[in-house]
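The first residue of the sequence shown is numbered 1, and numbering continues consecutively from there. This structure is a prediction, so every number in the text was calculated from the model and none was measured.
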Amino acid sequence: MSAGSAAHRPPPAVDAANAYRQAGSTLKPFLYAQAIERGYLTPASVLDDSPVQLDTASGLYVPQNYDRGFKGRVSVRSALAGSLNVPAVRTLLLVGVEPFRDRLWDTGYRGLVEDGDYYGFSLALGSAEVTLLEQADAYRSLANGGRWSPLRLTADAPRGTPRPVTTQAAAWIVADMMADPNARAATFGLDSALRLPFWTAVKTGTSKGMRDNWCVGFSRRYTVAVWVGNVEGDPMRAVSGTSGAAPVWRDVMLALGRDDERGPPMPAGVERRRIAFADAIEQPRIEYFLHGTGQSLIAAAPATARRARIVNPASGSVYAIDPDIPADRQRLAIETTGDVRAHHVFLDNRDLGPAAQQLLFFAPPGRHRLRLVDAAGRATDQVIVTIR
């Protein structure tokens, strides 16, 4: 090839739509959908937005909210619409990192090639990397009642068969929360770029160091995903999903034309109730529940009624046996929280005893499972530890 022809070669192109970037808070709708679908939470459930420290194999994990402040007790609706981080991490503790990772994979996020332990609790806050096309397709599944299918980028591309990932009822409830301007007012205000003159469900996200910011949402007819950032990965200054991507998203949605002012019709399996909160946690309102889970008065559960969990050791912990120390001096303590009466702790398939007692265990090298089992034989929590 001559020098002259080389000089006329087109410059290399960067496909930013298929580039993997950190997701930020854009994964939270799928986490809450999974928790609602499984019956762990409702939009009215109360979560604690307060400082928390979680033991992990690599040290303490201390999630923070974007504004470094905490709201106290909030409903799931307010936590998702206001993009609060600590309630999302608490929700991940209910759902489990591995099941959430699997749900994201099923929803088309194919950059999540590691197991749940690799991502840890930060997966709730979008530590995983995703592409713009994956974001659009994943949110499109929420718009389509929880049914996911591969994107078609040209009219002649073959159609994929839609498959259910999230139940239609859970997808509708999450979309309703994302569309609620009053629920997000405390974080974004009542007149932000996220509010359009017709029904839309939308979520923003900002990655660590402000390297990426997102705004992804949908109306009755269109799904629009926007990424704003530097292709080379340099951080931006004072640019978040709300100030960077959201105005672009708004302009595109408006340019597509006015859509139906009403949201999609409520599907079967969802019930509508008027609710009130004890202690004036939030204002009375109309709320939506999976059929059979509705309540009229919402109150925070007392400590004795909270879900029984294993809090130590932390799942994913790695311990090393010292051959110079007697084995009975290397036993590990098990700590639980919540109402653990009538629960037993199992190490693999061995019953270690009642969870209400102080329990210690020693295990040979390998991967081991600790389970908290109730009187009916159901595992209410489990952690995986590795002994070397």
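Looking at R367 and D117, a side-chain N of the basic residue comes within less than 4.0 Å of a carboxylate O on the acidic one, giving a salt bridge. Salt bridge annotation for R140-D137: present, with a cationic side-chain nitrogen under 4.0 angstrom from a carboxylate oxygen.
A side-chain donor-acceptor contact under 3.5 Å links R152 to the backbone of A155. In this structure, the side chain of N312 engages the main chain of A333 through a donor-acceptor pair within 3.5 Å. Although no hydrogens or angles enter the test, the distance criterion places no donor-acceptor pair under 3.5 Å between the side chain of R221 and the main chain of D259. With hydrogens and angles disregarded, no donor-acceptor distance shorter than 3.5 Å links the side chain of R211 to the backbone of R21. Here the side chain of D351 pairs a donor or acceptor atom with the backbone of G353 at under 3.5 angstrom.
Relative orientation of the W199 and F218 rings is tilted, given thresholds of 30° and 60° on the angle between their planes.
Atoms CG and CG, from L133 and D15 in turn, are 7.0 Å apart once rounded to the nearest 0.5 Å.
Checked against a 6.0 Å centroid threshold, the rings of Y32 and Y40 do not count as neighbours.
Within a 6.0 Å radius of OH in Y118, other residues, nucleotides and ligands contribute 12 heavy atoms or fewer. For Q283, the CD atom is loosely surrounded, since the number of other residues' heavy atoms within 6.0 Å does not exceed 12. Within a 6.0 Å sphere centred on CG of D191, other residues, nucleotides and ligands contribute 12 heavy atoms or fewer.
Inspection of the S25 and S83 side chains reveals an N or O donor paired with an N or O acceptor under 3.5 Å. Counting only N and O atoms by type, the side chains of Y319 and Q330 include no donor and acceptor under 3.5 Å apart.
Partner of R371 under the side-chain contact (heavy atoms from CB on, under 4.5 Å) criterion, out of D348, V345, N349: N349 alone.
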